[in-house]
Amino acid sequence: AGPVYVSGDGEKLRDALLELVSNCARRRKKGGVLKLSLKKSGNWARICVTDDGEAPTAREKLGLNGRGAMPLIPAADGGAGLGLSAAEAIMRLHGGALMVSTGAGAARVWLALPTAERTGDGMTLRTPGPERNAGMNPYLIALSDVLPGEMIREDWKW
């Protein structure tokens with residue numbers, strides 16, 4: 001019903017969420033619906049990312065439940081298989097967790113983070129560091145394997 005605050009590195013938290021959105025978008029390819037929800041439960045904020053696709057295959061379940069167990073060679077239709085591992089590491093750095101539910105229907109991935117009290121006006125100023133995205137839009141980079149090339153090329157013009 002109201003805002004939910006967490007403490008941490010906004011860019012890293014964005015990256016974790018984008019990894020999950022990218023996974024769902026890649027899985028659905030052309031069409032389908034991605035669903036993100038945020039719920040507060042006690043002192044925890046829970047973000048759920050899922051899609052409207054079928055239940056994961058046995059191979060997909062292995063990747064969901066055995067993160068980091070089998071290194072994959074990046075493939076055009078599947079990536080390198082590092083998204084969940086990266087998101088899980090980011091959650092741990094923030095005192096949170098990544099959980100996967102593979103019951104009926106599409107898998108649901110949950111990011112759980114401890115909530116924080118709002119301090120000040122919510123604005124933090126800091127000295128800019130080097131950009132790791134070469135000036136490109138970080139959302140376009142994270143979703144580059146599922147977006148049309150025209151969108152990526154348009155961003156390079158700036």
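Just so you know, residue 1 is the first one in the sequence shown, and it goes up from there.
- Between L111 and L13, every side-chain heavy-atom pair lies at or beyond the 4.5 Å cut-off.
- Distance CG/L84 to CG/L20: 6.0 Å, rounded to 0.5 Å.
- L17 and Y5 are not part of a single hydrophobic cluster, where members link through side-chain heavy atoms under 4.5 Å apart.
- The shortest heavy-atom contact between L98 and A87 is CD1-CB, 3.7 Å.
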Would you give me the side-chain donor-acceptor pairs under 3.5 Å for residues 48-55, sequence neighbours excluded?
unit_1: T50; atom_1: OG1; unit_2: A107; atom_2: O; d: 2.8
unit_1: D51; atom_1: OD1; unit_2: R27; atom_2: NH2; d: 3.2
unit_1: D51; atom_1: OD1; unit_2: G53; atom_2: N; d: 2.7
unit_1: D51; atom_1: OD2; unit_2: R27; atom_2: NE; d: 3.0
unit_1: D52; atom_1: OD1; unit_2: R28; atom_2: NE; d: 3.0
unit_1: D52; atom_1: OD1; unit_2: R28; atom_2: NH2; d: 3.3
unit_1: D52; atom_1: OD1; unit_2: V33; atom_2: N; d: 3.0
unit_1: D52; atom_1: OD2; unit_2: V33; atom_2: N; d: 3.3

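- Counting heavy atoms from C-beta on, the side chains of L34 and C24 come closer than 4.5 Å.
- Between the T115 side chain and the N43 main chain, a donor and an acceptor come within less than 3.5 Å of each other.
- Across every non-hydrogen atom of G95 and P114, the tightest pair is O-CD, 3.6 Å.
- Looking only at side-chain heavy atoms (C-beta outward), D9 and H94 come within less than 4.5 Å of each other.
- When all heavy atoms of S101 and W110 are compared, the pair lying nearest together is CB-NE1, 4.5 Å.
- Rounding to the nearest 0.5 Å gives a distance of 11.0 Å between CZ of R14 and CD of E19.
- Taking the side chain as every heavy atom from C-beta outward, R46 and K40 never approach each other to under 4.5 Å.
- You'll find the side chain of I47 stays beyond 4.5 Å of the side chain of V109, heavy atoms only.
- Both V6 and L38 are assigned to one and the same hydrophobic cluster, defined by single-linkage of ILVMFWY side chains at heavy-atom distances under 4.5 Å.
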Carefully, step by step, assess L113 and M91 under the rule side chain to side chain contact (heavy atoms under 4.5 Å, CB included). CA-CA 7 Å; L113 291 162; M91 290 300 101; 3.7 Å; yes
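- For the side-chain contact (heavy atoms from CB on, under 4.5 Å) test, residues two or more places apart in sequence or in another chain that qualify with T57 are R59, E60.
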